[in-house]
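Being a predicted model, the structure only gives us computed values, none of them experimental. Labels below follow one simple rule: chain letters A, B, ... track the order of the sequence lines, proteins then strands, and each chain is numbered from 1.
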Amino acid sequence: MAYWLFKSEPGSFSIEDLRHRPGMTEHWDGVRNYQARNYLRDAVKPGDLVLFYHSNIPEPAVVGIAEVVRGGYPDYTAFNPGSEHFDPKSSPVSPIWYMVDVRYVAAMPRPVPLEQIKGNPLLAAMPLVKRSRLSIQPVTPEEWRTILAMGGMTDL
DNA sequence: GCCAACGTTGGC
DNA sequence: GCCAACGTTGGC
């Protein structure tokens with residue numbers, strides 16, 4: 001079982017969107033970066049837990065927890081010319097892009113803002129802190145525990 | 001809205 | 001295969 005951090009712009013998909021569809025799984029699609037793709041295709045597995053991060057807003061923050069319910073499979077939005085994520089180079093026979101499915105687990109009692117994450121020496125090695133734009137990134141068990149504690153979640 | 005970081009594209 | 005140009009991400 002592994003831990004991850006997934007970024008999303010809340011304007012397109014937020015923890016609230018996930019929370020308001022109880023029991024439903026959501027496709028985490030549209031990832032169009034090779035390093036992130038490799039994680040989705042090869043490493044993200046059912047049962048893994050995810051820090052849900054809101055990016056590109058005045059106070060970016062970790063806002064909740066999701067669980068992976070299906071590991072990497074071809075991102076079919078790449079096959080659809082009508083999709084904003086369409087990629088003519090990807091096809092069902094040789095897909096380039098991958099997606100996973102997640103379900104809602106919890107919202108943080110207190111969102112953990114990027115500013116606090118940057119201020120915690122235990123979290124200094126996170127790609128997030130090192131100004132990486134990577135939208136799917138691994139999280140160590142220690143980082144996971146630290147961020148959950150900062151967010152007031154003691155029971156996960 | 002700006003712009004730094006950095007990934008991708010394409011000419012050579 | 002290099003690298004300049006270009007596009008995107010995402011913090012501020």
Side-chain angles (χ1 to χ4, degrees), chain A residues 2-20 26-44 48-68 71-102 104-140 142-153:
Chain A
Y3 297 113
W4 304 95
L5 182 145
F6 288 8
K7 294 183 186 175
S8 182
E9 296 190 26
S12 48
F13 189 67
S14 73
I15 188 75
E16 290 305 298
D17 294 330
L18 191 62
R19 188 165 71 87
H20 288 140
E26 291 291 330
H27 303 316
W28 202 278
D29 58 30
V31 171
R32 295 292 179 269
N33 167 280
Y34 284 102
Q35 199 180 348
R37 186 281 310 266
N38 292 346
Y39 285 131
L40 290 180
R41 187 188 57 189
D42 305 331
V44 177
D48 287 358
L49 293 172
V50 174
L51 296 173
F52 197 125
Y53 178 84
H54 282 174
S55 68
N56 239 326
I57 50 171
E59 189 169 76
V62 173
V63 292
I65 311 291
E67 179 186 358
V68 178
Y73 62 104
D75 181 346
Y76 53 72
T77 64
F79 310 146
N80 175 7
S83 167
E84 61 175 321
H85 300 302
F86 176 60
D87 182 348
K89 295 194 294 299
S90 188
S91 71
V93 172
S94 58
I96 298 175
W97 305 113
Y98 283 73
M99 61 205 265
V100 300
D101 292 352
V102 301
Y104 174 80
V105 173
M108 291 283 193
R110 294 188 303 274
V112 183
L114 179 62
E115 192 180 9
Q116 275 184 36
I117 293 173
K118 285 182 165 176
N120 189 326
L122 293 175
L123 304 176
M126 294 185 75
L128 192 66
V129 171
K130 295 191 292 184
R131 229 177 178 290
S132 164
R133 296 174 307 167
L134 191 60
S135 60
I136 304 288
Q137 43 182 274
V139 172
T140 69
E142 185 181 33
E143 290 161 352
W144 176 269
R145 273 185 274 110
T146 302
I147 288 177
L148 261 58
M150 290 165 80
M153 286 195 63

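What separates CD1 of I117(A) from P of dG10(C) is a distance of 14 Å, to the nearest Å. Protein atom CG of L134(A) is 22 Å distant from nucleotide atom P of dA4(B), rounded to whole Å. Taking atom CD of Q137(A) as the reference point, atom P of dG7(B) lies 13 Å away to the nearest angstrom. Remark: C1' of dG10(C) and CD of E59(A) are 15 Å apart, rounded to the nearest angstrom. In this structure, CZ of R32(A) is placed 13 Å from P of dT9(B), rounded to the nearest angstrom. Distance, N56(A) CG to dC12(C) C1': 11 Å, rounded to whole Å. Per the geometry, CZ belonging to F6(A) stands 14 Å off P belonging to dG10(C), to the nearest Å. Nucleotide dC12(C) holds its P atom 10 Å from the CG atom of L128(A), rounded to whole Å.
Going from atom CD of Q116(A) over to atom OG1 of T146(A) covers 12.5 Å, rounded to the nearest 0.5 Å.
Separation of the Y34(A) and W97(A) ring centroids falls under the 6.0 Å cut-off.
Classification of the Y73(A)-H27(A) ring pair by plane angle, with boundaries at 30° and 60°, yields perpendicular.
Positionally, the nearest nucleotide of DNA chain B for R133(A) lies more toward the 5' end than for the other of K89(A) and R133(A).
Under 4.0 Å is where a charged nitrogen must lie from a carboxylate oxygen, and between R19(A) and E16(A) at least one such pair does.
Of the side-chain N and O atoms in Y34(A), none sit less than 4.0 angstrom from OP1 or OP2 of dT9(B). Residue K118(A) has a polar side-chain atom (N or O) positioned under 4.0 Å from OP1 or OP2 of dC12(C). Phosphate proximity of dG10(C) to K7(A): present, with a side-chain N or O under 4.0 Å from OP1 or OP2.
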